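What you see is a predicted model; the values in this text were computed from it and never measured. So that the names make sense, note that chain A is the first sequence line, chain B the second, and so on, each numbered from 1.
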Number of protein chains: 2
Amino acid sequence: MIHLIHRSPEEQQYLSSYEPSAFDRPSVTVDVVILTLREGHLEALLVKRKEHPYLNYWSLPGGFVQPHESLDEAAARVLRQKAGLEGMVGMERESPHKHPVYLEQLYTFGDPKRDPRMRVISVAYYALVEASHIREAGEEIALFKLRTPEGASSVEIFDSKNKKYSLAFDHAEILGVALRRIRGKLSYTPIGFELLPERFTLRQLQAVHETILQKKLNKDSFRRKMLASGMLEATGALERGLGRPAELYRFRREV
Amino acid sequence: MIHLIHRSPEEQQYLSSYEPSAFDRPSVTVDVVILTLREGHLEALLVKRKEHPYLNYWSLPGGFVQPHESLDEAAARVLRQKAGLEGMVGMERESPHKHPVYLEQLYTFGDPKRDPRMRVISVAYYALVEASHIREAGEEIALFKLRTPEGASSVEIFDSKNKKYSLAFDHAEILGVALRRIRGKLSYTPIGFELLPERFTLRQLQAVHETILQKKLNKDSFRRKMLASGMLEATGALERGLGRPAELYRFRREV
DNA sequence: GAGTATATATCCAAAGTGCATATAAATCAA
DNA sequence: TTGATTTATATGCACTTTGGATATATACTC
């Protein structure tokens with residue numbers, strides 16, 4: 001959306017002689033909160049640091065923004081390189097790539113002391129990923145359960161054996177902002193289906209919302225609200241299980 | 001919220017020998033969308049550029065993030081230096097300073113080509129300011145009316161004579177994001193009183209919401225909703241005018 | 001004091017929500 | 001095959017919320 005403007009010779013002269021190193025520049029990174037749902041728990045994908053500072057601490061996958069890539073591109077690259085996922089900002093999931101996931105900018109963190117090495121400003125993103133698309137990699141990359149203590153702004157993480165860990169940098173704070181964002185978003189968008197397969201039952205969608213919001217929802221009014229929103233469309237197919245089969249719905253992305 | 005961790009001698013050695021110039025670093029600026037309400041119009045404070053590129057174009061007030069200040073501090077500084085306003089992130093308006101205003105981070109813009117000189121990443125903020133606190137400064141700083149064309153994502157600006165101008169850089173886009181943010185926020189927060197004096201009538205608050213949302217609201221249900229929210233408190237004082245005097249309310253910031 | 005303007009209170013119908021109950025369609029066990 | 005069980009879907013109803021109309025209160029102007 002940059003305006004194309006005519007540049008006078010004077011301006012071109014100015015631009016070509018411009019010396020950018022006049023300012024102290026911070027480093028800029030992107031960190032990506034990758035959220036998924038497993039066994040009724042909201043979990044985040046974390047990577048173990050192999051460098052100082054916070055050596056061996058678990059941290060959000062991230063990386064420096066490269067000179068010629070946009071912030072969105074940097075976030076998508078981190079998603080691809082660290083988690084093997086194709087991310088697309090703005091939930092356009094119908095691309096031909098393997099597993100495009102919902103990706104959205106979250107907030108930018110710039111406390112001067114958030115990294116002891118130097119000034120690092122981090123543009124945080126969050127992604128919603130269907131659990132089956134995530135591959136954990138042993139000691140390097142793993143999913144952690146999230147818990148938000150009452151009234152606290154940051155988040156606690158637990159591994160599969162329910163052992164609690166501390167996060168590197170201000171990443172617990174970033175996770176807290178991500179959880180508050182997605183919870184707020186649920187009140188006006190059924191964003192939950194980003195965590196489900198393409199076709200899903202209303203029950204599954206409700207379970208997703210309940211897990212994220214940490215509270216029970218009324219089944220009937222949830223059904224009515226979802227169907228009335230016009231954002232779901234019945235596929236005709238049925239999900240079989242114990243009891244009457246349930247209609248499978250899909251999100252209407254074209255609207 | 002940085003974790004205090006014990007640093008081993010090995011780690012301290014690493015930190016002191018760390019050479020940060022290994023990466024190409026972008027410049028980082030903050031740009032502040034300063035919104036106010038005048039004569040039933042939503043307006044933004046803009047400054048005329050005195051340098052290339054976009055010489056003599058109107059632009060958002062902004063500045064480079066300094067090495068030792070946080071992003072919030074940089075935004076507050078821009079507000080102070082360019083508009084003479086005291087900004088406080090998180091709407092804590094009861095500070096003893098002259099005119100603390102609502103200030104909140106908006107979004108971060110990082111297209112590699114958004115500035116023709118070099119890579120500049122801009123962390124945008126928006127501020128809500130009571131019109132009486134804004135001083136325009138002739139040819140340098142002025143308020144512009146905002147208009148969002150149907151379906152467009154960016155914003156058009158008009159001066160007091162209704163002459164239309166083009167904005168520098170991607171600032172029209174930034175204004176568009178700011179307007180969408182504040183409109184969305186109105187649905188769950190009566191943020192409108194940030195644009196009013198400390199004490200105001202329900203009518204005034206409704207007028208603010210109507211101006212921002214560009215649509216008429218139902219008077220009675222607006223009253224009920226506002227009073228039921230528990231966020232307003234009657235002051236006992238009355239606003240006199242033509243007709244029956246109206247109760248003056250104030251926002252309950254302590255809640 | 002009459003007329004006007006605006007704020008506040010009351011009333012009612014329409015829509016939305018939480019909850020209870022009824023019905024439908026599958027599985028499972030005899 | 002039949003009936004109990006399980007889950008999905010449909011229906012009914014009380015309660016709340018909302019939009020809209022109307023009535024009343026309190027100021028102003030003439």
Please state how far atom [atom1] in [X] lies from atom [atom2] in [N], giving the value in whole angstrom units.
X: Gln206(B); N: dT8(C); atom1: CD; atom2: P; answer: 12 Å
X: Lys215(B); N: dG19(D); atom1: NZ; atom2: C1'; answer: 13 Å
X: Leu232(B); N: dA7(C); atom1: CG; atom2: P; answer: 16 Å
X: Met226(B); N: dT17(D); atom1: CE; atom2: C1'; answer: 15 Å
X: Arg203(A); N: dT6(D); atom1: CZ; atom2: C1'; answer: 11 Å
X: Lys216(B); N: dG19(D); atom1: NZ; atom2: P; answer: 15 Å
X: Gln204(A); N: dT7(D); atom1: CD; atom2: P; answer: 14 Å
X: Leu248(A); N: dT7(D); atom1: CG; atom2: P; answer: 17 Å

[X]/[Y] ion pair, N-O < 4.0 Å:
X: Lys48(A); Y: Glu140(A); answer: no
X: Lys216(B); Y: Glu210(B); answer: yes
X: Glu104(A); Y: Arg181(A); answer: yes
X: Arg250(B); Y: Glu198(B); answer: yes

Side-chain N or O of Arg223(A) closer than 4.0 Å to phosphate OP1/OP2 of dT9(D):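 Looking at the OP1 and OP2 atoms of dT9(D), one of them is under 4.0 Å from a side-chain N or O of Arg223(A).
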Sugar-phosphate, base or nothing in reach of Lys219(A), heavy atoms under 4.0 Å: base
Sugar-phosphate or base contact per nucleotide [nucleotides 15-20 of chain C; S, B, -; heavy atom under 4.0 Å]: --BBBB
Test item: Thr36(A) side-chain N/O and Val129(A) main-chain N/O as donor-acceptor pair under 3.5 Å: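 Indeed, once roles are kept as given, a pair shorter than 3.5 Å links the two residues.
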Parallel, tilted or perpendicular: rings of Phe200(B) and Phe193(B) (30°, 60°):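 Phe193(B) vs Phe200(B) ring planes: parallel.
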